[in-house]
Amino acid sequence: MPLTAHLEGHGTLDATLTSPDASMRWENVYRTRPRRALTCVQCGVPMHAKVSGRGGRFFAHDRRTSSCAASGETHEHRSLKRALAAAAREAGHRAELEVTAAHSGWRADVLVTAPGRRPIAFEAQVSSASVDDVVARTLRYHDDGVAAVWFTHRATRWLRHVPAARLYRPALPVGHWSRMHPHASTFSVVDCEEICNPRPFWHSRVHASWSDDGEERPLARFVADVLHRRLVPRTTTTALGTRYDGWASPDDIQAAADHGM
């Protein structure tokens, strides 16, 4: 049950936006007579506009289909996509929902673009997924020059395998996705003599280390920090490949590299 549909003769209609084109507005497709010709962007099957019992707008296939990737989405998934798109737009970027690559190799929940910037796919992953699947999907994005950031409320293994962030699940079904778990780190360098006095001869002259900042950022702030590159993924190379250790500022990452960390 996606948030977009193709409106014959006009293009893609986004249930989360108010279009300046009167013919593309929600009130002109929801419960209108005669019905407007809406079809699924993904599979081409006829669709109709709906409003959930919680007030969320979306589109549904006229007949059930198990072959369409856009079918069967939950209210929770749709609400997180809405929140991610709204945060990206608030940060001054263009956010398109449910964008499929021309070669059909990937379908982004939210594709964020800005002039002169690399596109970023925001993935709302509220159901369980394997590490292999998430990593493979991330690589498909990267092969097309698209970055990917995954959002989930789950304490899942793949949080260490791809750029990702964990949210707190809304307390109520009608609640909003707004709070993030702490996910950023800071790098500090302290003169050894401030900690060790006298300084042992085997110590280096400074103590350099990473520490979690412990801050629970609002979702909108985190998205803005990522899009404006105030936060970037912090990576560590291991024998098993790249490990992702949350997020940090570019200055802190450069400082750590300068200290061999």
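A cation-pi arrangement is not found for Arg217 relative to Phe222, the charged atom failing to lie both closer than 6.0 Å to the ring centre and inside a 45° cone about the ring normal. A cation-pi contact, defined as under 6.0 Å to the ring centre and within 45° of the axis, is absent between Arg160 and Tyr244.
Asp133 and Ala129 make their closest contact through OD2-CB, 4.3 Å (heavy atoms, listed as atom of the first residue, atom of the second, distance). Closest approach of Met47 and Cys40 over heavy atoms only: SD-CA, 3.2 Å. What you find for Pro233 and Ile253 is that their closest heavy atoms are O-CD1, 3.5 Å. Nearest approach of Leu111 to Pro119, heavy atoms of both residues: CD1-CB, 4.2 Å. Scanning all heavy atoms of the two residues, the minimum distance from Ala164 to Trp247 falls at O-NE1, 2.8 Å. The shortest non-hydrogen separation linking Ala108 to Ala121 is CB-CB, 3.9 Å.
Note that CG of Leu84 and CD1 of Ile120 are 12.0 Å apart. Values are rounded to the nearest 0.5 Å. Atoms OG1 and NE2, on Thr156 and His161 in that order, are 9.0 Å from each other to the nearest 0.5 Å. From Leu139, atom CG reaches atom CG of Asp144 across 11.5 Å, with rounding to the nearest 0.5 Å. Remark: Leu227 CG to Thr113 OG1 distance equals 10.0 Å, nearest 0.5 Å. The NE2 atom of His259 lies 10.0 Å from the OG atom of Ser188; values are rounded to the nearest 0.5 Å. Taking CZ of Phe122 as the start and NZ of Lys81 as the end, the distance is 14.5 Å to the nearest 0.5 Å.
In this structure, the side chains of Trp106 and Val146 come closer than 4.5 Å at one or more pairs of heavy atoms. Side-chain atoms of His61 and Gln42, non-hydrogen and from C-beta on, never get closer than 4.5 Å to each other. You'll find the side chain of Val112 reaches within 4.5 Å of the side chain of Val110, heavy atoms only. Residues His77 and Gln125 fail the side-chain proximity criterion, which asks for heavy atoms closer than 4.5 Å. Contact of the Trp26 side chain with the Thr16 side chain is not registered, since no non-hydrogen atoms from C-beta on lie closer than 4.5 Å. Between Arg169 and Arg154 the shortest side-chain heavy-atom distance does not fall below 4.5 Å. Using a 4.5 Å heavy-atom threshold, the side chains of Ser209 and Phe187 count as separate. Counting heavy atoms from C-beta outward, His181 and Leu167 have side chains that stay 4.5 Å or more apart.
Side-chain N or O atoms of Glu27 include none that pairs as donor or acceptor with a backbone N or O of Val29 at under 3.5 Å. With hydrogens and angles ignored, the 3.5 Å screen pairs no side-chain donor or acceptor of Thr32 with any backbone N or O of Arg35. Using modelled atom types, one side-chain atom of Arg89 and one backbone atom of Ala95 make a donor-acceptor pair closer than 3.5 Å. With hydrogens and angles ignored, the 3.5 Å screen pairs no side-chain donor or acceptor of His183 with any backbone N or O of Asp212. Put simply, the side chain of Arg229 never gets that close to the backbone of Pro250: no donor and acceptor are under 3.5 Å apart. A donor-acceptor distance shorter than 3.5 angstrom exists from the side chain of Arg118 to the backbone of Gly145, with no hydrogens or angles considered. Side chain of His103 to main chain of Gly105: a donor-acceptor pair is present (N/O by atom type, distance under 3.5 Å, no hydrogens or angles).
No hydrogens or angles considered: nothing links the side chains of Asp252 and Thr186 as a donor-acceptor pair under 3.5 Å. Checked by atom type, the side-chain pair Arg234/Ser185 shows a donor-acceptor distance below 3.5 Å. A donor-acceptor pair shorter than 3.5 Å cannot be found between the side chains of Ser130 and Trp158. Side-chain contact annotation: Glu98 with Thr100, donor-acceptor N/O pair under 3.5 Å absent. A donor and an acceptor atom, one from each side chain of Thr39 and Glu8, are nowhere located under 3.5 Å apart.
Taking the six-membered ring for Trp, Tyr30 and His48 have ring centres at least 6.0 Å apart.
Within 6.0 Å of CD on Glu90 lie no more than 12 heavy atoms contributed by other residues, nucleotides or ligands. No more than 12 heavy atoms of other residues, nucleotides or ligands lie within 6.0 Å of NE2 in His176, so this atom counts as exposed by the packing criterion. At most 12 heavy atoms of other shown residues, nucleotides or ligands fall within 6.0 angstrom of atom CZ in Arg94.
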Evaluate side chain to side chain contact (heavy atoms under 4.5 Å, CB included) for Asp245 paired with Arg243, printing each intermediate quantity in order. CA-CA 6 Å; Asp245 296 316; Arg243 185 183 75 213; 2.8 Å; yes
Verdict with reasoning, Phe58 to Val51, per side chain to side chain contact (heavy atoms under 4.5 Å, CB included): CA-CA 6 Å; Phe58 64 99; Val51 175; 6.0 Å; no
Under the criterion side chain to side chain contact (heavy atoms under 4.5 Å, CB included), I'd like the reasoning laid out for Leu3 against Arg82: C-alpha separation, chi angles, the key distance, then a yes or no. CA-CA 9 Å; Leu3 296 171; Arg82 287 191 191 97; 3.4 Å; yes
Step-by-step side chain to side chain contact (heavy atoms under 4.5 Å, CB included) determination, Trp150 to Val134: CA-CA 9 Å; Trp150 294 77; Val134 170; 3.6 Å; yes
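Residue Leu80 is not grouped with residue Tyr168 when hydrophobic side chains (ILVMFWY) are merged at heavy-atom distances under 4.5 angstrom, including chains of intermediate members. The hydrophobic clustering, which links ILVMFWY residues whose side-chain heavy atoms are closer than 4.5 Å, places Leu97 and Val126 together. In the hydrophobic cluster analysis, where Ile, Leu, Val, Met, Phe, Trp and Tyr join through side-chain heavy atoms closer than 4.5 angstrom, Leu159 is grouped apart from Val149. Val232 and Val162 sit in two unconnected hydrophobic clusters of ILVMFWY residues. Membership requires side-chain heavy atoms under 4.5 Å apart, directly or through other members.
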